[in-house]
Structures are given as C-alpha cells and as structure tokens.
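Here's the structure we're looking at; comments come further down.
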Amino acid sequence: MKIAVCLKRVPDTTAKITIGPDRKSITDTGLKFVPNPYDEFALEAALALKEKSGGGETVVYSVGTDASAETLRTALAMGIDRAVLLQAPGGADGLAIAQALAAELGAGAFDLLLFGKMAVDDHNHAVGPMTAELLAIPCITSVAKMTIENGAVEAEREIEGGIEVVTCSLPAVITCEKGLNNPRLPSLKGIMAAKKKPLETKPAALGAPTLEIVSLELPPERQPGRIVGEGADAVPALVQLLRTEAKVL
Amino acid sequence: MADRVLAIMEQRDGALRKVSYEVIAAARLLGDVDALVLCEGAVEGTGDLRAVGAARVLSAAHPDFRLYNPDGFAATIGELASGYSAVVFAGTATGRDLAPRVAARLKVSCATDVIELGRDGAAVTATRPVYAGKVLQKIRLTGTPAVASIRPNTFPADKPAEPGPPGEVESVTVPAFATRVTVKEIKAAATATLDVTEAPIVVSGGRGLKEPANFKLLEDLAAALGTAAVGASRAVVDAGWRDHGAQVGQTGKTVSPGLYFAIGISGAIQHLAGMRTAKVIVAINRDKDAPIFKVADYGIVGDLFEILPRLTDEIKRVRAGQ
Ligand SMILES: Cc1cc2nc3c(=O)[nH]c(=O)nc-3n(C[C@H](O)[C@H](O)[C@H](O)COP(=O)(O)OP(=O)(O)OC[C@H]3O[C@@H](n4cnc5c(N)ncnc54)[C@H](O)[C@@H]3O)c2cc1C
C-alpha cells in the first residue's frame with residue numbers, strides 16, 4: 001500500500017502567542033514549533049499499516065515555508081520513507097492548500113491519504129475533506145478507530161451523543177482524531193537515518209485565495225472573578241449569586 | 001438575490017436538533033434565510049423554523065438520507081448554493097465534515113467554528129477562535145457563496161415556545177450523486193446522551209474526584225440542574241474514568257455553555273482552551289492558587305466531597321421553590 005501523510009508545522013500548544021505588528025500574523029521569533037499533534041496520529045497510522053502489510057511506501061507532504069523541512073525530518077525520524085516540501089508562504093486559506101495537495105497527490109498515486117482532523121493553529125478542519133472532494137475520492141473525517149481490509153475501510157467517528165460507523169473503499173482520505181493510536185517517538189537510530197532520507201523541495205501550486213485575514217486580536221480578558229467563600233458553608237451564597245447576579249439558574 | 005442565505009438544518013431521527021435554530025439565528029445576520037432540511041421523509045417542526053425567522057423551508061428528501069450521507073448532502077447543497085450569497089452550517093461533527101466538502105465543490109474556502117458573523121460591504125466577515133482560543137481571527141470570505149460553520153451555543157436561539165404556522169415546505173431536487181462513503185449506523189455512546197457541546201450547563205470533573213465512582217456526585221449535580229451534561233478533564237479521560245466524548249479542552253471538545261462548573265480541575269491552559277467562552281464559570285477546588293480561579297467568575301475553595309452534596313441539595317431546593 002502506498003500511503004501519503006499531510007503534515008503541518010504549528011506552534012507548540014503550550015506556547016504563548018504574540019500578535020505581530022501587522023495585526024494579521026503572529027510573531028515567530030522565540031516560538032517553538034512542532035508537528036501538528038493530530039498529524040502525529042496520521043503518521044503513526046501510516047507506519048503501523050506499512051509494518052502490518054510488510055510492504056509499500058510512506059511519504060509525508062507539507063505545504064509551508066522552508067522551516068517546515070525540520071518538521072518533515074521529525075516524520076522521517078519516526079520512520080516515514082521520504083518527504084516532500086511544497087513551498088508556500090504561510091496562510092489560512094484551506095482551499096488554496098487543498099488545491100496544492102490535490103495537484104500533487106492526484107491521479108491514483110496513493111491508496112490512502114492521511115491527515116490530522118485539524119491543525120491546532122488555524123482550527124480549520126478543512127484541508128483533508130477538501131482535498132478528497134477535489135480528487136473525487138471518499139473521505140471519512142475525525143476517525144478514532146479504523147480497520148482496513150481488502151481495500152475497504154471501516155471507521156468510527158464520534159458525533160454528538162453517539163458514534164458513527166462509516167465505510168468506504170480505497171483510495172480514500174482519512175482525517176485522524178485522538179484515540180486512533182499512540183504516536184511513537186523518534187528513536188536515536190531513526191533520527192540518524194532521517195538525515196539520509198530523501199526530502200524533495202518544490203513550489204506549491206496554491207489555488208487563488210478566497211479568504212483574507214482582516215485582523216488578529218486577543219480575546220477579551222474574562223472579568224476577574226471572586227472567591228465566594230470557603231467550604232460547604234459558601235454554597236448558599238454561591239447559589240444566590242448564580243440566581244440573582246449571573247441569572248443562570 | 002445578493003442577500004439570500006441558505007441555512008443547513010441538522011436533524012436526527014426525524015427531529016430537528018437545537019443547533020438548527022442557532023444556524024438560522026446566525027444566517028439571519030447575513031440576509032433572508034431559506035432553511036434546508038435533508039431527510040428521508042417528513043421532519044417534525046418545520047413550522048418552528050418560520051417562527052424563528054426562516055423565510056422559506058426547503059426539503060431535500062431521499063431514501064438514502066435517513067442517516068448522514070456526505071456525498072448526497074454535499075451534492076444537493078452544492079447544486080442549490082449557487083443561488084445564495086452565503087451558506088451556514090452547524091459546527092457539529094456533521095457540519096464540520098460537510099461544510100468543507102461543499103466549499104471545495106464551490107471552489108471557495110470556508111470559515112470553521114465561527115463565533116461572530118457580519119458583512120463588510122457585500123463580503124461576509126467572520127470571527128473565529130484560533131491557536132486554542134488564545135487568539136481571535138477575523139476573516140473576510142471573498143468567494144461566492146461564503147461558507148461558514150458556527151460554534152454551537154454561541155448564536156442565541158431556542159426552539160420556539162409556540163410553534164409557527166406549519167406553512168408550505170418546498171421540495172428541492174436531490175441531484176444524482178455517487179455514494180463514496182456510507183454511514184452504516186449510529187452506535188449510542190456508552191455514557192450520557194446530552195453532549196457537552198450542546199448542553200446549556202456543563203458540570204466537569206477532574207483528577208480531584210479521586211476515583212471514577214465519585215463522578216456520581218457530578219451526575220447528581222447535573223440531574224439537579226436539569227438540562228446539564230457531565231464533562232471531564234483529559235487527566236481523567238486518559239485514566240479511563242470517562243469517555244473521550246466527554247473531554248473538554250484542546251484535544252477534546254470546545255464548549256460554550258451558559259454555565260460551566262470546573263470541579264477538582266486545576267485549570268491547565270489546554271483545559272481552558274475548551275471552556276473559556278462559557279458565559280459563567282464556577283470553580284470548586286481545594287487549592288486557592290489553582291489557575292482555574294483566574295478564569296472563574298465564582299469560586300469556592302474547599303473539599304469538593306463536602307461541597308458537592310450541599311450544592312446539589314441547595315440547587316434542588318431553589319429549583320423546587322421556583
Ligand atoms: C498537547 C496537550 C493537550 C492537552 N489537552 C487537554 C484537553 O483537551 N483537556 C484537558 O483537560 N487537559 C488537556 N491536557 C492536559 C492538561 O495539561 C492537564 O494535565 C489536565 O487538564 C489536568 O487535569 P486535572 O485538572 O483533572 O488534574 P490536575 O491538574 O491533577 O488537577 C486536579 C485538581 O483537583 C484539585 N483537587 C484535588 N482534590 C480535591 C478535593 N478533594 N477537593 C477539591 N479539589 C481537589 C487539585 O487542587 C487540583 O487543582 C493537554 C495536555 C497537552 C500537553
């Protein structure tokens with residue numbers, strides 16, 4: 001099986017985010033970047049599937065600036081066979097990125113395309129299903145459990161108050177949710193091997209933008225709250241405040 | 001034609017979901033709303049949609065639309081959408097799956113998890129939380145139609161007390177479509193039926209609960225509050241005490257209820273990412289320096305095992321007296 005994984009370089013989730021002077025982008029300096037955590041589930045799924053089948057190829061793609069090469073090396077260190085960096089300036093336009101990926105991944109080159117369910121920077125949940133639509137292949141999103149047998153996928157996705165059981169055939173796009181697996185850490189041997197693995201770089205064929213960032217703002221600070229009291233004796237005062245002041249009971 | 005907006009309704013088992021009314025409320029900010037119901041047969045309560053402001057109610061019925069049908073839904077909406085300036089979806093598991101498919105067919109980007117919608121001239125503008133809620137991103141959708149999905153519990157709307165006049169439901173044609181993906185069934189989740197993203201009140205517990213059985217205390221509190229769901233921190237989900245579906249936070253669900261209780265939860269930044277847009281936050285923690293108190297509107301410092309039974313009783317008492 002030939003498997004492609006699409007990976008995004010994102011700021012570490014614990015990092016403090018500072019808005020840049022243009023008010024449209026964030027300040028990169030001093031920020032630690034990591035592979036998007038949901039994409040790590042995709043990488044692990046690709047590696048496990050290859051190990052199980054004993055053959056095939058795994059390829060990781062990233063649309064991003066040259067800095068994304070480092071993120072791709074992390075994927076290679078986990079065990080992915082080769083990497084392709086599709087160079088593009090950063091951007092939040094999910095369709096433009098899906099168009100670049102579809103142009104690259106099209107025409108039946110892969111049996112399976114794996115994405116994270118979303119990137120933790122832009123929270124778009126869009127690039128995976130958009131790529132699938134553009135390629136006219138099946139797509140199942142936010143998958144927390146999956147089996148692939150004889151070219152058929154059966155997957156489970158969490159919906160409000162239940163779990164949807166969804167099937168499709170390969171080739172397909174799957175976007176990965178937490179719970180699918182436990183991503184491995186790169187081993188020292190893997191890190192050494194990654195240095196010699198192929199990493200191809202070429203410009204991304206981004207689509208025309210249909211979305212503009214107007215501004216970034218910090219969310220309004222929550223008004224400072226108050227400690228109503230200590231222990232169970234504070235309960236009546238709390239309930240009173242919830243009724244008369246907050247008016248939520 | 002410029003200001004006609006298509007609002008995509010969500011139904012399960014022939015009944016509209018509450019979030020559908022919120023989609024109409026959001027879509028009305030952009031223009032005259034046509035509400036589209038995709039279904040197998042009749043859906044109850046279409047008159048309600050007029051009562052909350054839909055100008056027209058459209059129904060796309062198909063034998064394969066009993067459950068969510070990604071390809072059929074996307075084909076139907078994609079075909080219909082060209083007559084509209086915007087298409088608004090619910091930011092639910094279904095809406096988040098469907099909106100990008102429709103957007104890709106229409107060759108436009110989409111705005112996901114929107115908390116504010118408006119117009120700047122003819123273009124639609126949207127505000128959405130990014131970077132785990134640490135930043136609000138304001139965007140302009142320059143393609144036509146604009147495609148957006150809204151965060152549940154954010155655009156105030158409710159099932160109307162008085163149903164509207166039943167009125168006419170216009171049938172729309174479902175175009176031919178290739179079924180690439182099949183939803184076979186919906187398995188009920190092991191726990192609560194009311195989802196934390198939809199509940200008006202969420203009662204969440206963390207490692208301070210000490211052991212899984214003690215979540216009974218939270219279930220009792222939730223029951224006393226009426227329509228409330230029980231949520232959890234990642235620490236207790238990872239420990240296997242609660243289902244992942246109940247996890248609130250960066251790697252779980254984002255909730256915006258009217259009232260959120262954080263009980264025995266320290267308030268790590270990844271937890272706050274999922275609940276900081278709650279309208280009112282109450283924290284109960286024995287550590288007065290716990291970070292949760294920085295975002296809580298009201299806090300009690302103390303042992304949750306003493307406080308919770310008292311709180312549940314007090315709430316029962318006041319609700320009985322109402
Ligand atoms: C990439 C990443 C993603 C993450 N995503 C999430 C996420 O989605 N959601 C999430 O919640 N976390 C997430 N986390 C984990 C997060 O950092 C915290 O570890 C977690 O939220 C802690 O859970 P907790 O508050 O239940 O436990 P703790 O931090 O252990 O806090 C327990 C609290 O209970 C209090 N307590 C103990 N006993 C009592 C008592 N008897 N009475 C009253 N109070 C008591 C303590 O004072 C303490 O404040 C993520 C972490 C990472 C690195």
Side-chain angles (χ1 to χ4, degrees), chain A residues 11 13-14 17 19 37 93-95 98 120-126 129-130 133-134 137-142 157-168 178-179 210-219 222 225-232 234-236 238-239 241 243 246 248-249, chain B residues 92-94 96-97 100-101 103-105 108-110 112-113 125 130-143 180-189 193-195 197-198 244-245 250-251 258-259 269-270 280 293 295-302 306-307 310-311 314-315 318:
Chain A
T13 54
T14 51
I17 302 290
I19 295 170
D93 193 312
L95 181 71
V120 300
D121 53 356
D122 284 331
H123 294 245
N124 267 331
H125 291 83
M130 283 182 163
E133 278 300 327
L134 296 172
I137 59 173
C139 172
I140 309 177
T141 62
S142 297
R157 56 192 304 269
E158 210 178 81
I159 61 169
E160 295 76 16
I163 291 168
E164 252 175 21
V165 184
V166 192
T167 59
C168 71
K178 181 178 178 245
T210 51
L211 177 160
E212 275 166 26
I213 294 185
V214 178
S215 63
L216 298 182
E217 277 162 43
L218 295 178
R222 289 194 75 94
R226 78 178 100 134
I227 303 282
V228 178
E230 284 187 25
V235 164
L238 172 68
V239 172
L241 285 166
R243 294 187 72 195
V248 286
L249 283 185
Chain B
T92 54
T94 301
R96 277 204 306 264
D97 184 273
R101 294 177 193 262
R105 279 168 187 252
V108 296
S109 233
C110 71
T112 306
D113 199 27
T125 58
V130 293
Y131 299 102
K134 287 180 241 179
V135 176
L136 296 180
Q137 180 192 63
K138 187 168 179 192
I139 55 178
R140 252 176 116 229
L141 296 167
T142 52
R180 301 185 201 123
V181 170
T182 307
V183 176
K184 270 177 42 182
E185 57 167 326
I186 298 178
K187 297 200 282 192
T193 44
L194 184 62
D195 193 77
T197 56
E198 298 176 308
H244 181 243
Q250 188 180 300
T251 38
L259 178 57
I269 184 146
Q270 296 91 352
V280 175
F293 287 125
V295 299
D297 300 284
Y298 305 106
I300 298 184
V301 178
E306 283 170 24
I307 296 165
R310 192 66 188 275
L311 182 57
E314 185 70 12
I315 284 171
V318 301

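The chains referred to below are lettered A, B, ... by the order of the sequence lines, with proteins before strands, and numbering in each begins at 1. Every value quoted in this text rests on a predicted model; they were computed, and no experiment measured them.
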(request) Could you pull out the closest heavy-atom pair between A:Glu158 and B:Ala93, with the gap in Å? (result) O-CB, 3.6 Å
(message) Report which part of A:Ser215 has an atom under 4.5 Å of a heavy atom belonging to chain B: side chain, backbone, both, or neither.
(response) both
(request) Identify the two heavy atoms, one from B:Cys110 and one from A:Ala126, that lie closest to each other, and give their separation to 0.1 Å. (result) SG-CB, 4.3 Å
(message) Distance check, rounded to the nearest 0.5 Å: A:Glu133 atom CD versus B:Arg101 atom CZ?
(response) 6.0 Å
(message) Let's test your reading of the structure: which of B:Ile139, B:Thr125, B:Ile315 forms the most heavy-atom pairs below 4.5 Å with chain A?
(response) B:Ile139
(message) Counting heavy-atom pairs under 4.5 Å with chain B, which one of A:Thr167, A:Asp93, A:Asp122 comes out on top?
(response) A:Thr167
(request) Give the minimum heavy-atom separation between B:Val280 and A:Ala246, together with the two atoms involved. (result) CG2-CB, 4.0 Å
(message) I'd like to verify something: which residue of A:Ile19, A:Ile213, A:Thr14, A:Val214 has the highest number of heavy-atom pairs under 4.5 Å with chain B?
(response) A:Val214
(request) Mind ranking A:Ala234, A:Gly229, A:Ser142 by heavy-atom pairs under 4.5 Å with chain B and telling me who comes out on top? (result) A:Gly229
(message) Please classify the contact between B:Ile186 and chain A as side chain, backbone, both or neither, with a heavy-atom cut-off of under 4.5 Å.
(response) both
(request) Tell me, for A:Ile137 versus chain B, whether the close heavy atoms (under 4.5 Å) come from the side chain, the backbone, both or neither. (result) backbone
(request) Please determine, among A:Thr141, A:Val239, A:Leu211, the option with the most heavy-atom pairs under 4.5 Å with chain B. (result) A:Leu211
(request) Between chain A and each of B:Ala104, B:Gly133, B:Gly299, count heavy-atom pairs under 4.5 Å; write down the option with the most. (result) B:Gly299
(request) Please round to the nearest 0.5 Å and tell me the distance separating atom NZ of B:Lys187 and atom CD1 of A:Ile159. (result) 12.0 Å
(message) Given heavy-atom pairs under 4.5 angstrom as the criterion, report whether the side chain, backbone, both or neither of A:Val228 touches chain B.
(response) both
(message) On a heavy-atom basis, which atom in B:Val181 and which in A:Ile140 lie closest, and how many Å separate them?
(response) CG1-CG1, 4.3 Å
(request) Give the member of B:Glu314, B:His244, B:Arg105 that has the highest number of heavy-atom pairs under 4.5 Å with chain A. (result) B:His244
(request) Measure distances from B:Thr197 to the heavy atoms of chain A and classify the residue's part below 4.5 Å as side chain, backbone, both or neither. (result) side chain
(message) Working to the nearest 0.5 angstrom, can you tell me the gap between A:Leu238 CG and B:Ile300 CD1?
(response) 4.5 Å
(message) How close do B:Val108 and A:Leu95 get, counting heavy atoms only, and between which atoms?
(response) N-CD2, 3.5 Å
(message) Is B:Tyr131 close to chain A through its backbone or its side chain, or both, or neither, when contacts mean heavy atoms under 4.5 Å?
(response) both
(request) Measure distances from B:Gln137 to the heavy atoms of chain A and classify the residue's part below 4.5 Å as side chain, backbone, both or neither. (result) both
(message) Please determine whether the number of non-hydrogen atoms from other residues, nucleotides or ligands lying under 6.0 Å from atom NZ of B:Lys138 exceeds 12.
(response) no
(request) Hey, could you give me the NE2/CZ distance between A:His123 and B:Arg96, rounded to the nearest 0.5 Å? (result) 11.0 Å
(request) Against chain B, label A:Pro11 side chain, backbone, both or neither, depending on which of its atoms sit under 4.5 Å from a heavy atom there. (result) side chain
(request) Search all heavy atoms of A:Thr13 against all heavy atoms of B:Gln270 and return the closest pair with its distance. (result) OG1-NE2, 4.5 Å
(request) Among A:Leu134, A:Val120, A:Val248, single out the residue with the greatest number of heavy-atom pairs under 4.5 Å to chain B. (result) A:Val248
(request) Would you give the length of the straight line joining atom CG of B:Asp297 to atom CG of A:Leu241, rounded to the nearest 0.5 angstrom? (result) 10.5 Å
(message) I'd like to verify something: which residue of B:Val295, B:Val135, B:Leu311, B:Leu141 has the highest number of heavy-atom pairs under 4.5 Å with chain A?
(response) B:Val135
(message) Taking every non-hydrogen pair under 4.5 Å, which of A:Ala232, A:Ala98, A:Pro129 racks up the most with chain B?
(response) A:Ala232
(message) Under the criterion side chain to side chain contact (heavy atoms under 4.5 Å, CB included), I'd like the reasoning laid out for B:Asp97 against A:Arg157: C-alpha separation, chi angles, the key distance, then a yes or no.
(response) CA-CA 11 Å; B:Asp97 184 273; A:Arg157 56 192 304 269; 3.7 Å; yes
(message) I'd like to know which of B:Thr92, B:Ile307, B:Thr182 tops the heavy-atom pair count under 4.5 Å against chain A.
(response) B:Thr182
(message) Taking the side chain as everything from C-beta on, heavy atoms only, tell me whether A:Met130 gets closer than 4.5 Å to B:Pro100.
(response) yes
(message) Using 0.5 Å steps for rounding, measure from the NZ atom of B:Lys134 to the CG atom of A:Leu218.
(response) 11.5 Å
(message) Apply side chain to side chain contact (heavy atoms under 4.5 Å, CB included) to residues A:Leu249 and B:Leu259 and explain how you reach the verdict.
(response) CA-CA 9 Å; A:Leu249 283 185; B:Leu259 178 57; 4.1 Å; yes
